[in-house]
Amino acid sequence: MSEHSQRQRWNQRYQGKSPDDQEPAEVLAGHTHLLPRTGRALDVASGLGGNAVFLAAHGLDTVAWDISDHAVSALNHFARSRALPLLAEVRDVEALPPEPGSFDVITVSRFLHRPLCGQLAAALRPGGVIFYQTFTRAKVQGLGPSDPAYLLGDGELLALFSALRPVVYREERDLGETRAGFRDQALLIAFRPA
């Protein structure tokens, strides 16, 4: 799919929605205590900015990248109206990944492009932390995309970020009472050693 058609697809998805309606991913909201007090943060495939707004509200100088110009425009307007240290940019992160050693925090939720994972790990400064959450192939509750290219295998998120040191990892699969818990997703918080 071309960048233009991807942009159109995501613009349609975000039409009529607002950054006011967005929440941060569980990996971030549930582990706020692991954020640094200051630093530079990146929200990859930010959409309408649930993670980016959360990072900026916690005092981090935040950049949000998304392919949707509609989402970027709405997020920039929202950030300006609230004087948040947040700048959203239209950027295809698959074609133009972040520079090595450029961020203290990186967040990714509900997005998977495996070749990018090593570049995200390298984009962390020493001591930098990644907060990553996306869908798995263990579709216990049927959440997430149907294309397996966008779904993690068992334990795959740990392997994709093996250059980093894990702090928190969660993947509940189909164990126990499947109508409860954190299903159909995996989350990882990991840091680059100093």
Side-chain angles (χ1 to χ4, degrees), residues 3-4 6-32 34-125 128-135 145 150 161 164 185 187-192:
E3 183 177 329
H4 177 72
Q6 283 185 25
R7 180 168 292 121
Q8 285 182 315
R9 182 176 135 231
W10 287 105
N11 280 344
Q12 280 186 311
R13 184 169 183 173
Y14 296 130
Q15 198 67 39
K17 296 181 181 175
S18 164
D20 283 310
D21 306 328
Q22 306 305 304
E23 296 290 330
E26 184 173 333
V27 69
L28 189 56
H31 301 92
T32 308
L34 297 175
L35 285 172
R37 293 176 195 241
T38 61
R40 188 165 185 243
L42 170 64
D43 185 16
V44 174
S46 64
L48 290 166
N51 293 336
V53 168
F54 188 84
L55 293 168
H58 281 81
L60 296 170
D61 183 20
T62 304
V63 177
W65 292 344
D66 198 272
I67 199 163
S68 167
D69 51 0
H70 175 77
V72 164
S73 177
L75 186 51
N76 279 326
H77 177 75
F78 181 88
R80 278 191 306 274
S81 71
R82 287 159 179 78
L84 290 171
L86 168 59
L87 176 64
E89 300 173 359
V90 175
R91 184 160 169 159
D92 180 354
V93 71
E94 293 177 18
L96 192 57
E99 295 293 320
S102 52
F103 292 98
D104 300 294
V105 174
I106 296 175
T107 61
V108 183
S109 59
R110 298 182 171 189
F111 174 81
L112 179 61
H113 180 65
R114 290 170 179 86
L116 181 64
C117 293
Q119 294 164 315
L120 292 177
L124 289 171
R125 294 174 177 154
V129 184
I130 191 162
F131 294 77
Y132 204 119
Q133 176 179 335
T134 199
F135 297 106
Y150 302 111
F161 290 96
L164 303 178
Q185 296 182 72
L187 65 78
L188 171 69
I189 303 170
F191 72 98
R192 173 166 293 289

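- With sequence neighbours left out, the side-chain contact (heavy atoms from CB on, under 4.5 Å) criterion links L120 to V44, P98, I106, V108, L116, I130, Y132, F161.
- Counting only heavy atoms from C-beta outward, the side chains of D66 and V90 never approach each other to under 4.5 Å.
- The number of heavy-atom neighbours closer than 6.0 Å to OH of Y150, taken from other residues, nucleotides and ligands shown, is 12 or below.
- Shown here are the salt bridge (charged side-chain N to carboxylate O under 4.0 Å, His left out) partners of D21, two or more places apart in sequence or in another chain: there are none.
- Once rounded to the nearest 0.5 Å, the distance linking NE2 of H31 with CD1 of I189 reads 4.5 Å.
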Return a table of donor-acceptor pairs under 3.5 angstrom between the side chains of residues 52-63 and protein atoms on other chains or two or more places apart.
from : atom 1 : to  : atom 2 : distance (Å)
H58  : ND1    : F54 : O      : 2.8
T62  : OG1    : A56 : N      : 3.4
T62  : OG1    : L60 : O      : 2.8

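- Among residues two or more places apart in sequence or in another chain, the side-chain hydrogen bond (donor to acceptor under 3.5 Å, both in side chains) test is passed with E23 by none.
- The two residues N51 and A25 have their closest heavy-atom pair at OD1-N, 2.8 Å.
- Inter-residue side-chain proximity for F131 and L187 is flagged as unmet; no heavy-atom pair is nearer than 4.5 Å.
- The shortest distance between side-chain heavy atoms of L164 and V129 does not fall below 4.5 Å.
- For residues 80-90, the side chain to side chain donor-acceptor pair (under 3.5 Å) pairs, not counting sequence neighbours, are D20-R82, W65-E89.
- The closest side-chain heavy-atom distance from N76 to V72 is below 4.5 Å.
- Within the model, atoms CZ of F78 and OG of S73 stand 14.0 Å from one another, a figure rounded to the nearest 0.5 Å.
- Taking CZ of F111 as the start and CD1 of I67 as the end, the distance is 8.5 Å to the nearest 0.5 Å.
- Between L75 and L48, the shortest heavy-atom contact is CD1-O, 3.6 Å.
- Considering all non-hydrogen atoms of both residues, A121 and R192 come closest at O-NH2, 2.8 Å.
- Put simply, the side chain of L188 does not reach to within 4.5 Å of the side chain of V27, judged on heavy atoms.
- In this structure, the separation between CZ on R91 and CG on L42 is 8.0 Å, given to the nearest 0.5 Å.
- Evaluation of the salt bridge (Lys or Arg N to Asp or Glu O under 4.0 Å) test over residues 111-123, restricted to residues two or more places apart or in two chains, returns R114-E156.
- Across A71 and G47, no two heavy atoms sit closer than the pair CB-O, 3.4 Å.
- Side chain of Q133 to backbone of Q185: no donor-acceptor contact under 3.5 angstrom is found.
- Taking both residues in full, the closest heavy atoms of D43 and S46 are given as OD2-CB, 3.2 Å, listed atom of the first, atom of the second, then distance.
- Under the salt bridge (charged side-chain N to carboxylate O under 4.0 Å, His left out) criterion, R125 pairs with D104, not counting sequence neighbours.
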